Amino acid sequence: MDIESIFENFSEKQESYKLTIPDNWSQGRTVFGGLSAALAYQAAENLISDGRELRAFHCNFVGPLNVDEEVEVSAEVLRTGRNVTQILAKVVQNGQVGVMVQVCFGVSRESKLNHIDHPKHDMPIPKKAKFIPQIPKIVPKFIRHFDLALEKGSFSVGTKKDPEMHGWCRLSKAPSEMKMAYLIALMDAWPPTMFQMMKLPAPASTMSWDIEFIHPISEILPTDWLACVVKASHVNQGYGHEEADFWDQNGRLVALSRQVVAVFG
């Protein structure tokens, strides 16, 4: 099942959405975190009717969500003001909250302030993806849904001393259109950068994830690559703090991301 088929469940606005995520979207024994976060986001977006744009996205991964078991996704408006709408969304399974998301949508306003600090990268657009073999219990199954083209860093353990990766990513099967929910899932496709520093594979779990979106966002086509530079600014006591910048194919900054990752190794 591809990502577009999963999000058909959100085609009509409902009080809650019930669906089952198949095993090919698993990350270990749980649903791929980027997908579960995207589900919560979509429920929130469905409550916006006046064109307000996604400005900030904060996600807490509270507990595991099992594949091949029904989940329920819901959202509620916390407050709507003249400029900003705050929405809380969650993904629940067996009565337990697995993912909790707070989303901020805002209108564009005229302002005398205009300062753009635009970080850049020098990576050429890739001609093809890097092949990643499906190694049981090592490579998560959800990776098959994404193309990754690594420019700096490594997907293998024990190969690098620095927790940093540069590269490109896209959906391996292009949907009919690129939705913001798909973009959120895509931004989480990269493995934690500290893995390449470890001598042996070990489990890891994202605890919280923040994304700030830079507007206006240029149109990103379903077949487009998304550039990413991600690094861990601090790794200590079993936790890594990862920061990432994302650009479109034209070098325009799309979003700034930060994750707190618990690593058990």
Side-chain angles (χ1 to χ4, degrees), residues 3 25-28 30-38 41 57 59 61 99 119 121-126 128-135 138-173 178 180-198 201-213 220 224-235 239-249 253-265:
I3 197 167
W25 281 96
S26 65
Q27 184 174 11
T30 64
V31 176
F32 163 50
L35 179 63
S36 60
Y41 167 77
F57 174 88
C59 177
F61 295 97
V99 175
H121 67 84
D122 57 2
M123 298 180 291
I125 297 175
K128 63 178 182 179
K130 179 181 177 64
F131 174 71
I132 303 175
Q134 282 288 316
I135 305 174
I138 300 294
V139 177
K141 294 181 180 179
F142 79 84
I143 286 294
R144 71 187 68 185
H145 298 287
F146 301 97
D147 288 342
L148 301 179
L150 194 63
E151 291 286 334
K152 179 180 178 179
S154 174
F155 293 139
S156 302
V157 296
T159 55
K160 301 291 181 180
K161 295 183 179 180
D162 298 320
E164 186 170 354
M165 287 183 176
H166 299 188
W168 298 81
C169 54
R170 67 180 179 185
L171 291 164
S172 59
K173 181 179 179 181
M178 178 58 81
M180 186 62 75
Y182 304 166
L183 196 60
I184 289 173
L186 181 59
M187 289 178 178
D188 197 37
W190 295 98
T193 58
M194 69 277 294
F195 276 7
Q196 58 193 328
M197 301 172 62
M198 301 170 62
S205 177
T206 299
M207 298 171 58
S208 67
W209 185 20
D210 290 277
I211 315 175
E212 299 169 7
F213 289 87
I220 298 177
D224 280 356
W225 289 94
L226 192 70
C228 175
V229 170
V230 56
K231 63 180 180 179
S233 57
H234 189 81
V235 184
Y239 299 92
H241 301 264
E242 301 214 332
E243 300 173 356
D245 295 338
F246 293 92
W247 297 263
D248 64 17
Q249 282 193 179
L253 188 66
V254 173
L256 308 174
S257 169
R258 179 186 291 267
Q259 292 193 27
V260 179
V261 180
V263 60
F264 303 93

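Basis for what follows: all heavy atoms, side chains included, without hydrogens, waters or symmetry-related copies. Please read all numbers here as calculations on a predicted model, not as lab measurements.
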Do [X] and [Y] touch side chain to side chain, with heavy atoms closer than 4.5 Å?
X	Y	answer
R258	E242	no
V254	D245	no
F155	V139	no
D248	D224	no
E164	T193	no

Where [X] and [Y] come nearest, the two heavy atoms and their spacing:
X	Y	result
S233	E243	OG-OE2, 3.8 Å
F213	A255	CD2-CB, 3.9 Å
V261	P192	CG1-CG, 4.2 Å
L253	P119	CD2-CD, 4.0 Å
S154	Q196	N-OE1, 2.8 Å
F246	S257	CE1-CB, 3.8 Å

* **Check: P140 main-chain N/O paired with Q27 side-chain donor or acceptor under 3.5 Å** =>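 It does not hold such a pair.
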
Without swapping roles, check the side chain of S172 against the backbone of R144 for a donor-acceptor pair under 3.5 Å.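 A pair under 3.5 Å: yes.
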
Do V263 and M198 pass the side chain to side chain contact (heavy atoms under 4.5 Å, CB included) test, and can you show the C-alpha distance, the side-chain angles, and the key distance before you say yes or no? CA-CA 10 Å; V263 60; M198 301 170 62; 3.9 Å; yes

What do the steps show when you test M187 against W209 for side chain to side chain contact (heavy atoms under 4.5 Å, CB included), and what is the final call?
CA-CA 11 Å; M187 289 178 178; W209 185 20; 4.0 Å; yes

### Task
Say whether D188 and Q259, considering side chains only, have a donor N or O and an acceptor N or O under 3.5 Å apart.
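Yes - a donor-acceptor pair under 3.5 Å links their side chains.
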
| task | Taking the six-membered ring for Trp and the single ring otherwise, decide whether the centroids of W168 and H121 are under 6.0 Å apart. | result | yes

Got a second to check how far [X]'s [atom1] is from [Y]'s [atom2], nearest 0.5 Å?
X	Y	atom1	atom2	answer
L35	S26	CG	OG	11.0 Å
H234	M194	NE2	CE	10.5 Å
L171	L226	CG	CG	10.0 Å
F264	S205	CZ	OG	6.0 Å
L150	W190	CG	CH2	5.5 Å
M180	I220	CE	CD1	7.5 Å

**Request:** Please state whether the rings of W25 and F32 are parallel, tilted or perpendicular, taking 30° and 60° as the class boundaries.
**Result:** parallel

Check your understanding: What do the steps show when you test M165 against E151 for side chain to side chain contact (heavy atoms under 4.5 Å, CB included), and what is the final call?
Key -> CA-CA 8 Å; M165 287 183 176; E151 291 286 334; over 6 Å; no

Salt bridge (Lys or Arg N to Asp or Glu O under 4.0 Å), that's the test. Do R170 and D147 meet it? Break it down for me.
CA-CA 5 Å; R170 67 180 179 185; D147 288 342; 3.0 Å; yes

Exercise for review: Apply side chain to side chain contact (heavy atoms under 4.5 Å, CB included) to the pair F57 and D210, showing each step before the final yes or no.
Suggested key: CA-CA 6 Å; F57 174 88; D210 290 277; over 6 Å; no

